[in-house]
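A short write-up of the structure that comes next.
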Amino acid sequence: MTAATLKDEVAGALRGLAWEQWSQLGVSAATPRRREERAADPEALLLFTLDVGRGEPRLFDEVLDWLVHNEALISVHRLRNLSANPTDRTLVDAALDWSSGARRRARPAARTPPIAHGTALEPLFTSLPMPRRDVDPAFARHGLARSPLQPSGKSQAPRLHDPIAFALRLRRLLGVGVRAEVVRTLLTIRAPMVSGRIITASAGFAQRNVREGLTQLYEAGVITIANVSDDRQYAIRHDDWAALLRLDNTPELPFHYDWISSLRALTRILRWLERPDLDELSPYLRASQARTLVAEIEPDLQRVGVAPGVYSRHGPDYWDEFVEIVRAAVRHARGSR
């Protein structure tokens, strides 16, 4: 399989994943093929979609429309915490800049003059030609060129009682902050006790902030703490929270999935596959670079049940194993292992 063919396969699957998730959170889209029983991670999903949506403008734009109407449910602080590199930060800042302006505007955005020769803008969308006139000013401020965008107005508020919207429901109850993320993690992980390290990784806030949130919840009497070896373990009464949320029993709570690790790894894979020179490399060098990529993202893959370390092929033959690792990571994210 060529790198270009694998790229097309992965890109299509990841955009399908984004559509499935967002369509159940209020974005205007076709009815999803199945009901998601895992709680979504809103900021990880938004960051992921801003990247994969560069190859599908309608997905990108409809999610921005959702953001205009639902930004109060999004943690900008957490979104920026999850932005791991300059590309992430540019996309996030441009999206937030545009969303803020779209909520203020009572009339269409002013047109901008043609881009002057040598202006350092890059196209936002990989599937469209570079616009030369009337670029959107919010995105241009962040070095990205796209045609002016107006909200479609098609998005709806998320159905907070759906399992996928569990994080958003908790934010309505506890506020948009670290305590809602701590409670989400403790309620969706089906374990008697949860490590503080796991809670911090899932919460998406600095360790100090998570520790403060855990202390506040402990002082409020809604979680318990136990010291185990060199780590603190935390527990929550699932039945009590199920009753508070008017669920019949604990099994009705949504399931946990490490979306941060999964979507971060998948984004790295897609960005690597989008390199135009991959199929020009020798089979040995292409496989070697694929192995390097997998080594870099292996911790994220392992957290979601993909174990690349079990593969043992060498030289050019590693490419076929890389294809299987990528497909396994996609299957896990889409819930079809």
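What you are looking at is a predicted structure, and each value in this text was computed from that prediction instead of being measured.
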*Mind running side chain to side chain contact (heavy atoms under 4.5 Å, CB included) on T200 and R211 for me, showing each step along the way?*
CA-CA 8 Å; T200 298; R211 190 181 301 118; over 6 Å; no
*Between R286 and D279, is a side chain to side chain contact (heavy atoms under 4.5 Å, CB included) present by the stated rule, with each step listed?*
CA-CA 8 Å; R286 185 180 64 176; D279 281 325; 3.0 Å; yes
*What do the steps show when you test R327 against V323 for side chain to side chain contact (heavy atoms under 4.5 Å, CB included), and what is the final call?*
CA-CA 6 Å; R327 286 173 169 170; V323 171; 3.8 Å; yes
*Determine, step by step, whether V68 and W98 satisfy the side chain to side chain contact (heavy atoms under 4.5 Å, CB included) criterion, reporting the C-alpha distance in whole Å, the side-chain angles of both residues, the deciding distance to 0.1 Å, and the verdict.*
CA-CA 9 Å; V68 170; W98 177 87; 3.4 Å; yes
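Between T292 and W272, every side-chain heavy-atom pair lies at or beyond the 4.5 Å cut-off. Residues L64 and L50 form a side-chain contact, since some pair of their non-hydrogen atoms from C-beta on lies under 4.5 Å apart. When side chains are defined from C-beta on, F139 does not count as touching L121, because their heavy atoms never get closer than 4.5 Å. Put simply, the side chain of L82 does not reach to within 4.5 Å of the side chain of V92, judged on heavy atoms. Between F48 and D41 there is no side-chain heavy-atom pair separated by less than 4.5 Å. Proximity of S83 to L47: side-chain heavy atoms (C-beta onward) are separated by under 4.5 Å at one or more points. Using a 4.5 Å heavy-atom threshold, the side chains of Q233 and P192 count as separate. Taking 4.5 Å as the limit, some side-chain heavy atom of H314 sits within range of a side-chain heavy atom of R291.
No donor-acceptor distance shorter than 3.5 angstrom exists from the side chain of S100 to the backbone of L96, with no hydrogens or angles considered. Remark: the backbone N or O of W19 is paired with a side-chain donor or acceptor of S23 at under 3.5 angstrom. Proximity of a side-chain donor or acceptor of W319 to a complementary backbone N or O of M1 within less than 3.5 Å is detected. Distance alone, capped at 3.5 Å, is enough to place a donor-acceptor pair between the Q24 side chain and the E20 backbone. Side-chain atoms of T185 come within 3.5 Å of backbone N or O of E181 as a donor-acceptor pair. No donor-acceptor distance shorter than 3.5 angstrom exists from the side chain of N70 to the backbone of L73, with no hydrogens or angles considered. Without hydrogens or angle criteria, T267 side chain to L263 main chain gives a donor-acceptor distance under 3.5 Å. For the pair R190 (side chain) and H256 (backbone), a donor-acceptor distance under 3.5 Å is absent. A donor-acceptor contact shorter than 3.5 Å is absent between the side chain of W241 and the backbone of V183.
Among pairs with a residue in residues 57-69, those fulfilling salt bridge (Lys or Arg N to Asp or Glu O under 4.0 Å) read D61-R146, at least two apart in sequence or across chains. Contacts classified as ring pair (Phe, Tyr, Trp, His ring centres under 6.0 Å) and involving residues 195-227 (residues at least two apart or in different chains) are given here: H77-F205. Applying the salt bridge (Lys or Arg N to Asp or Glu O under 4.0 Å) test to residues at least two apart or on different chains, the pairs with a partner in residues 156-170 are R159-D162. Screening residues 146-183 for ring pair (Phe, Tyr, Trp, His ring centres under 6.0 Å) gives no qualifying pairs among residues at least two apart or on separate chains.
Residue W22 forms a side-chain contact (heavy atoms from CB on, under 4.5 Å) with just one option from L17, I164, L45, and that option is L45.
With hydrophobic clusters built from ILVMFWY side chains whose heavy atoms lie under 4.5 angstrom apart, F255 does not share a cluster with L160. In this structure, M193 is not a member of the same hydrophobic cluster as I236, with clusters built from ILVMFWY side-chain heavy atoms closer than 4.5 Å. Residues V27 and L149 fall within the same hydrophobic cluster, defined by Ile, Leu, Val, Met, Phe, Trp and Tyr side chains chained together at heavy-atom separations under 4.5 Å. In the hydrophobic clustering of ILVMFWY residues, with side-chain heavy atoms under 4.5 Å counting as a link, L91 and L266 come out together. By the criterion of side-chain heavy atoms lying less than 4.5 angstrom apart, applied directly or through intervening Ile, Leu, Val, Met, Phe, Trp or Tyr residues, L79 is not grouped with V210; the two fall into different hydrophobic clusters.
Comment: E36 engages R34 in a salt bridge, judged by a side-chain N to carboxylate O separation of less than 4.0 angstrom. Classification of R171 and E43 as a salt-bridged pair holds, one side-chain N sitting under 4.0 Å from a carboxylate O. Salt-bridge annotation for E274 and R271: absent, with no side-chain N of the basic residue lying under 4.0 Å from a carboxylate O of the acidic one.
Closest non-hydrogen pair, A39 versus T188, comes out as CB-CG2, 4.2 Å. When all heavy atoms are compared, the tightest approach of A265 to L301 is CB-CD2, 3.9 Å. Counting all heavy atoms, side chain and backbone alike, S75 lies closest to R78 at OG-N, 3.0 Å. Nearest heavy-atom pair across G53 and L59 is CA-CD2, 4.1 Å. Listed here is the closest heavy atom pair of P57 and F125: CA-CE2, 3.7 Å. In terms of heavy atoms, Y234 sits closest to L186 at O-CD2, 3.8 Å.
For the pair R54 and F60, the cation-pi test (distance below 6.0 Å, angle within 45°) is failed.
To the nearest 0.5 angstrom, D8 atom CG is 9.5 Å from L273 atom CG. Here the CG atom belonging to L245 is positioned 7.0 Å from the CG atom belonging to L253, to the nearest 0.5 angstrom. Atom CZ of R179 sits about 5.0 Å away from atom CD of Q216, to the nearest 0.5 Å. Rounding to the nearest 0.5 Å places CG of D258 at 11.5 Å from CZ of R38. Taking CG from N209 and CG from N81, the interatomic distance works out to 8.0 Å, rounded to the nearest 0.5 Å. Note that the CG atom of D136 and the CG atom of L144 stand 10.0 Å from one another [nearest 0.5 Å].
Residues forming a side chain to side chain donor-acceptor pair (under 3.5 Å) with S99 (at least two apart in sequence, or on another chain): E71, R103. Under the side chain to side chain donor-acceptor pair (under 3.5 Å) criterion, R237 pairs with D240, not counting sequence neighbours.
The number of heavy atoms from other shown groups lying within 6.0 Å of CZ (R334) is above 12. By the 6.0 Å contact criterion, CD on E37 is enclosed, its count of non-hydrogen atoms from other residues, nucleotides or ligands being greater than 12.
The closest side-chain donor-acceptor pair between D231 and S195 falls under 3.5 angstrom.
The aromatic rings of W259 and Y257 sit perpendicular, their planes meeting at an angle over 60°, well past the 30° parallel limit.
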